[in-house]
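Before any comments, here is the structure.
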Amino acid sequence: MSDSKSVLDVTINQERKTLMVGREESLLDALRNASYFSVKSGCDTGSCGVCTVLVNGKPVKSCKTKAADVAGAEIVTLEGLGKDGELHPIQRAFIETGAIQCGYCTPAQILTVKAFLDRNPNPTEEEIRKAINNVICRCTGYVKGVAAVQRAAAYLRGETPAPYTHIEGVLPKDASQTKLPVGFYRREAEKLPLPPLVLTPAEIKPTRVVGKAESKVDGVKLAKGKPAFTADIHMDGMLYGALLTSPHANAKIKNINADKARALAGVHAVLTYKDIPRVKHASGGQSYPQPLPYDQVCLDDTVRFVGDRVAVVAAETLEIAEKALELIEVDYEVLPAVIDPEEALKPGGVMVHAEDDTEGIFDAKRNVVCHIEADYGDIDKAFKEAEHVFDGEYHTPKQQHVHLEPHVCISYLDEDDRLVLRTSTQVPFHIRRMVAPLIGLPVKKIRVIKPRIGGGFGNKQEMILEDLCAHLTMKTGRPVKMVYTRTQEFTSSRSRHAMIVRYKIGVTGDKVTAAHLRLLGDTGAYGCHALTVNMVGGFKGLTLYNPDNIRFDCDVVYTNTPPAGAYRGYGAMQCEYAIEVIMEEIAEKLGLDVVEFKRKNWLKVGDVMNLSRKLGEGREGVEQTLVTSGIEQCVEVGMLATDYRAKREQYKNQTGKIRKGIGFAIAMHGSGIADLDMASATLKMNDDGSFNLLVGATDLGTGSDTILAQIAAEEIGIPVDDIIVYSSDTDMTPFDKGAYASSTTYISGGAVLKAAKLIKQQLLEHAATMLELPDTSGLTLGDRKVTAADGRELTLTDIGLSSLHMQNQHQIIATASHTSPMSPPPTAAQFAEIEVDTETGKITVERLLMLVDCGRVINPLTAAGQVEGGMSQGLGFALTEEMLFDEKGQPLNPSLVKYHVPKAAEMPVMDTIFIQTEEPSGPYGAKSVSEIAIDGVAPALTNALHNATGAWVRELPLTPARVLAGLK
Ligand code: FES
């Protein structure tokens with residue numbers, strides 16, 4: 001508070017500054033309060049490193065440094081790095097190599113690198129990884145980060161490195177004859193990351209902008225640390241919101257008394273379940289109508305997990321808000337809790353939802369939130385007739401997203417008394433629709449603005465803070481900011497569904513004739529994405545091999561743990577992990593070559609996906625056929641690049657402490673939700689021939705703004721630089737369902753392509769008018785101009801000026817919408833090479849190589865970034881990441897100290913090869929890329945572990961303890 005503030009004299013970015021800081025105030029808060037917004041907050045415990053600044057030339061975690069302790073120091077933030085608006089060479093290198101995805105870790109990474117290169121101008125890769133190890137990046141897998149540091153070092157040494165881009169190669173008809181560049185074989189122990197390799201069949205026509213490694217359109221502002229994120233503003237009169245959460249996994253609130261909290265000076269509102277209407281809803285951000293159950297209210301008189309909402313406060317400062325939380329008196333009747341999903345299923349036990357006003361729970365007494373069944377063919381007959389029947393049970397963990405930017409929302413009333421939500425969301429349009437009934441406003445009175453997002457990976461496809469923030473603004477009339485702590489991200493946001501996956505597989509000869517998948521999904525305390533995640537799991541897990549006889553039955557159960565939600569991979573990765581391991585187990589038992597066994601059975605071009613009609617996504621689907629697939633080539637080229645067969649043989653029957661192994665897995669995903677997802681785009685021409693591209697599509701660091709600009713630029717015949725992308729704002733941009741279901745390139749890209757085609761027609765028509773031609777025949781558009789058959793030319797600036805100011809005046813503008821009756825699957829092969837210490841059980845991953853068919857690659861750098869980031873999160877899922885709870889539901893590892901995500905120094909070599917196909921229904925032949933990248937890592941590692949040791953470990957993550965148990 002102001003009376004305890006004192007003067008702090010420091011130098012910030014070479015300017016003398018005097019700041020007023022509190023005695024305990026962190027340097028992080030002091031710098032952000034002084035509008036150095038490049039300094040980010042990610043954990044408040046010094047674990048993530050995104051708050052790093054330079055103090056007297058050394059990287060320092062500003063969240064753990066008291067501002068008062070740096071009096072007289074020289075501080076550098078990212079704002080101070082470039083000179084005269086020019087980028088520093090390190091900033092340039094980060095942009096050029098694609099090392100920036102969401103950009104939330106970028107300021108800390110760049111400053112850390114600056115201090116490091118000042119000391120060590122010619123570093124090795126190992127030294128680089130060690131140097132950046134203290135700043136977690138959840139998006140990139142650090143591949144491009146290492147390349148960026150190497151490039152920056154070269155710049156600083158005065159060298160001019162060659163442009164950083166992908167490698168192109170031709171994919172022959174017989175993929176086993178592919179010529180790979182030196183390095184992709186990696187027979188030596190070199191560890192340099194290679195740029196992505198794009199292999200293209202000769203028949204695919206070249207394009208001009210599509211397929212090029214264009215820099216991200218938001219790269220410069222992120223490299224400069226501009227105030228682009230939700231929290232990067234100060235608003236006059238802004239209050240700070242804070243959330244009181246439950247200390248119990250299951251309890252009834254017998255009484256709650258907020259009088260003392262309300263009486264505290266500086267507190268403006270305290271809301272409990274007594275203060276706001278009870279409107280049942282689901283928090284998952286999905287299209288209307290959202291799937292049942294509607295089992296949540298904003299604030300309830302019952303709490304169902306440690307971390308559940310109890311009350312919210314708005315106060316003048318965060319400290320006062322937190323003090324007020326301590327003054328709220330809650331009298332709980334603590335109830336028994338159920339943590340284990342199999343326990344939850346037993347009748348007569350704990351009921352997580354005993355209330356009588358929830359719509360759509362399948363069997364509340366057994367905690368079954370939804371039950372899914374789907375059959376194809378005659379499964380019972382097929383099992384009876386099969387020569388062999390195999391069973392396998394696999395367990396997958398509850399994984400946290402760990403996006404570095406926490407959930408954050410700022411709400412306020414604008415000058416028209418409309419409610420504005422500036423929020424870090426993947427689904428701005430769904431949020432607007434979902435919040436409206438909860439606060440009693442019509443949709444038209446709400447505007448949702450999505451600034452840059454510091455990662456989401458599915459966790460921001462959920463209404464986490466927006467409704468609470470909105471309630472506080474409606475109550476106080478003041479702007480309110482709410483930000484989750486890192487602990488709350490673990491306890492009170494969403495996570496991946498833990499699953500028990502049971503397969504029964506019938507085989508005759510080398511043909512899979514029947515597959516039965518019994519799935520038990522754990523949705524935690526609420527059913528946010530229970531139906532859809534598990535349905536997708538069943539569909540993908542049974543379609544990868546698509547036998548003639550199939551059964552899927554699935555129970556999704558409530559437990560008293562934090563709710564599960566959407567997370568990259570969305571059910572598919574859990575079920576594909578299990579099928580990829582059991583297929584390998586079967587091949588071994590039957591003495592079959594695993595590659596040939598899988599090849600014989602995997603889904604092929606022309607095959608109807610047998611369950612596509614029965615399992616849509618939360619509803620009945622549409623029949624779908626596989627039109628394009630690169631799976632065959634992915635596997636062939638992958639075997640070539642890893643020397644798979646030779647190593648596989650070599651690693652069998654090893655003895656000794658350290659053993660090597662190689663494994664592979666195939667994967668498929670989708671591209672949006674067939675017949676449901678809708679996106680739209682608007683292109684608007686300016687006087688100088690440039691265009692505004694307005695999209696509701698939500699770039700959460702994936703690079704979607706860039707690839708959408710590339711699609712438009714390709715069609716209109718202009719450089720990407722002539723497109724100004726704006727995403728997204730429900731008042732300013734047309735509707736888009738948001739960023740999920742791997743839909744942005746395919747669905748939103750489809751909308752952009754349609755709009756660009758309309759623009760092209762308008763440009764030609766206006767040019768015909770200007771040139772006094774009867775029609776547009778003979779006119780061509782390209783290279784920023786329209787050319788007539790007689791050689792006359794009009795630049796797009798000519799056309800822009802003419803259409804707006806001079807002739808047949810009108811705005812050249814087009815809006816288009818796009819849906820698709822199909823969801824073409826990208827396909828992939830994942831290879832993993834490991835070393836296992838058989839005495840400790842520790843797995844060291846040496847190389848992950850993913851070969852991906854995502855149709856036409858719109859941008860090889862951003863697409864490779866998605867693959868590397870996906871593999872990195874898959875690595876965490878496979879080896880270390882697991883949210884743990886005790887028997888009472890208390891979280892055991894809700895921090896980045898105890899919950900281990902992969903860091904730079906422990907990453908394996910990660911390489912990406914794209915196998916281009918041309919999907920006729922996609923924009924320029926594109927399918928999706930973001931989610932498939934996570935699907936294959938866990939099974940490839942599990943299979944590699946078996947190759948190394950002979951052990952099958954059927955529970956993830958593959959911790960040393962589980963590996964040792966498997967070895968016994
Ligand atoms: Fe590093 Fe997103 S780019 S956290």
Side-chain angles (χ1 to χ4, degrees), residues 38-43 47-52 59 61 78 90-91 93-113 128-129 131-149 193 215-226 228-232 400-408 424 426 451-460 486 489 567-568 698-706 739 859 861-873 875-876 881 896 901-905 907 910 930 933-934:
S38 73
V39 191
K40 300 299 183 206
S41 172
C43 69
S47 324
C48 75
V50 300
C51 63
T52 300
K61 289 175 181 170
L78 191 57
I90 303 174
Q91 292 169 311
F94 266 68
I95 296 170
E96 288 168 354
T97 53
I100 303 172
Q101 286 194 29
C102 78
Y104 200 75
C105 70
T106 301
Q109 291 268 6
I110 289 177
L111 291 174
T112 303
V113 170
I128 294 171
R129 288 182 180 274
I132 59 175
N133 199 48
N134 283 338
V135 184
I136 294 177
C137 175
R138 191 60 160 167
C139 300
T140 63
Y142 309 97
V143 175
K144 304 285 191 289
V146 171
V149 183
S215 293
K216 265 165 70 88
V217 295
D218 51 352
V220 170
K221 74 175 156 225
L222 295 174
K224 286 184 168 178
K226 295 272 186 184
F229 294 88
T230 298
D232 295 349
Q400 225 291 314
H401 307 70
V402 192
H403 38 78
L404 269 297
E405 180 200 37
H407 285 88
V408 49
S424 183
Q426 296 174 222
R452 290 294 91 189
I453 303 181
F457 317 118
N459 207 5
K460 293 175 180 172
R486 183 56 56 186
E489 288 297 341
Y567 188 172
R568 189 182 209 169
T698 309
D699 190 337
L700 59 152
T702 53
S704 67
D705 281 2
T706 307
N859 184 324
L861 270 199
T862 58
Q866 289 300 296
V867 176
E868 291 149 8
M871 282 197 281
S872 159
Q873 291 178 17
L875 186 68
E881 294 186 39
L896 289 174
V901 301
K903 292 186 170 182
M907 293 304 290
M910 293 205 293
S930 61
I934 203 171

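Each ligand, and each atom within it, is numbered from 1 in the order the structure gives. Along the sequence shown, residues carry numbers from 1.
- A side-chain donor-acceptor contact under 3.5 Å links His407 to the backbone of Asn459.
- For the side chain to side chain contact (heavy atoms under 4.5 Å, CB included) test, residues two or more places apart in sequence or in another chain that qualify with Gln101 are Cys139, Thr140, Gln866.
- Within the 4.5 Å cutoff, the side chain of Asn134 has heavy atoms near those of the Lys61 side chain.
- In this structure, the side chain to side chain contact (heavy atoms under 4.5 Å, CB included) partners of Ser872, at least two apart in sequence or on a different chain, are Pro902, Met907, Met910.
- Here salt bridge (Lys or Arg N to Asp or Glu O under 4.0 Å) pairs that include residues 861-873, with residues two or more places apart or in two chains, are Lys144-Glu868.
- In this structure, ligand 1 sits under 4.0 Å from heavy atoms belonging to Gln101, Cys102, Gly103, Cys105, Cys137, Arg138, Cys139.
- Taking 4.0 Å as the cut-off between side-chain N and carboxylate O, Arg452 and Asp705 count as a salt-bridged pair.
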